[in-house]
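So the structure is just underneath, and the comments pick up after that.
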Amino acid sequence: QVQLAESGGGLVQAGGSLRLSCAASGRALSMYGLGWFRQAPGKEREFVAAISRSGGDIVYGDPVKGRFTISRDNAKITVYLQMNSVKPEDTAVYYCAADVNYNRMVKSNTPAYWGQGTQVTVSS
């Protein structure tokens, strides 16, 4: 069993920055790929970014490329999402995710584990 707890959401002005964190707990977490998804009101959940267990492979969704950066600290079993140059369309609930099958997390919206989510609101 894996538990994921997001933090760092809030209200930010367009063009500003925000850093999300997700602390993971459970067995063998260093074997899991970690990622972020988001869901805006009235829209489907959307892939944001993922990082492999070693950190050697990183993938971003097209809407955030060049603006967001995902990283992980395997000693703390924490994954981060640095959000820069945010836009009003980045407003959503952001969910942390984990899956031992990294490719499944990247290619589908169905990772094995989800966090509870943290709200990010970008004002114009």
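Residue numbers start at 1 and run along the sequence shown.
Relative to the ring axis of Y95, R38 does not place its NZ or CZ within 45° and under 6.0 Å from the centre.
Crowding of Q116 atom CD: a count of heavy atoms from other residues, nucleotides or ligands under 6.0 Å not exceeding 12. Around atom CZ of R67, more than 12 heavy atoms belonging to other residues, nucleotides or ligands sit under 6.0 Å away. The environment of CD in E89 is crowded: more than 12 heavy-atom neighbours from other residues, nucleotides or ligands sit within 6.0 Å.
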Going through the distances and angles, do S17 and Q82 end up as a side chain to side chain contact (heavy atoms under 4.5 Å, CB included)?
-> CA-CA 7 Å; S17 297; Q82 179 66 43; 3.9 Å; yes
Output, in order, the C-alpha distance, side-chain angles, deciding distance and verdict of side chain to side chain contact (heavy atoms under 4.5 Å, CB included) for F68 and N84.
-> CA-CA 6 Å; F68 291 9; N84 296 331; 5.9 Å; no
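Here the shortest heavy-atom pairing between P111 and D99 reads CA-OD2, 3.4 Å. The shortest non-hydrogen separation linking W114 to L4 is C-CD1, 3.8 Å. Nearest heavy-atom pair, V79 versus C96, reported as atom, atom and distance to 0.1 Å: CG1-SG, 3.7 Å. Between G8 and L18 the shortest heavy-atom distance is O-CG, 3.6 Å. Here the closest non-hydrogen pair linking M105 and A50 is CE-CB, 4.1 Å. Summarising the geometry of F37 relative to N109, their closest heavy-atom pair is CE2-OD1, 3.3 Å, with the distance given to 0.1 Å.
Taking 4.5 Å as the limit, every side-chain heavy atom of Y113 sits out of range of all side-chain heavy atoms of Q3. Two residues are said to be in side-chain contact when any heavy atoms from C-beta on lie closer than 4.5 Å; E6 and L20 fail this criterion.
Only one option out of I77, L34, N74, V100 pairs with L29 in a side-chain contact (heavy atoms from CB on, under 4.5 Å); it is I77.
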Residues 117-124, side-chain donor-acceptor partners within the protein, below 3.5 Å, at least two apart:
from	atom 1	to	atom 2	distance (Å)
T118	OG1	G9	N	3.3
Q119	NE2	A92	O	3.4
Q119	NE2	T121	OG1	3.3

Side chains of residues 54-65: which donor-acceptor pairs under 3.5 Å do they make with residues two or more places apart or in other chains?
from	atom 1	to	atom 2	distance (Å)
S54	OG	G56	N	3.1
D57	OD2	Y102	OH	2.7
Y60	OH	I70	N	3.0
D62	OD1	K65	NZ	2.9

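Between the side chains of D73 and T78, no donor N or O sits under 3.5 Å from an acceptor N or O.
Taking hydrophobic clusters as Ile, Leu, Val, Met, Phe, Trp and Tyr residues chained together by side-chain heavy-atom distances below 4.5 Å, Y80 does not share a cluster with I51.
Note that the CZ atom of R19 and the CG atom of L81 stand 10.0 Å from one another [nearest 0.5 Å].
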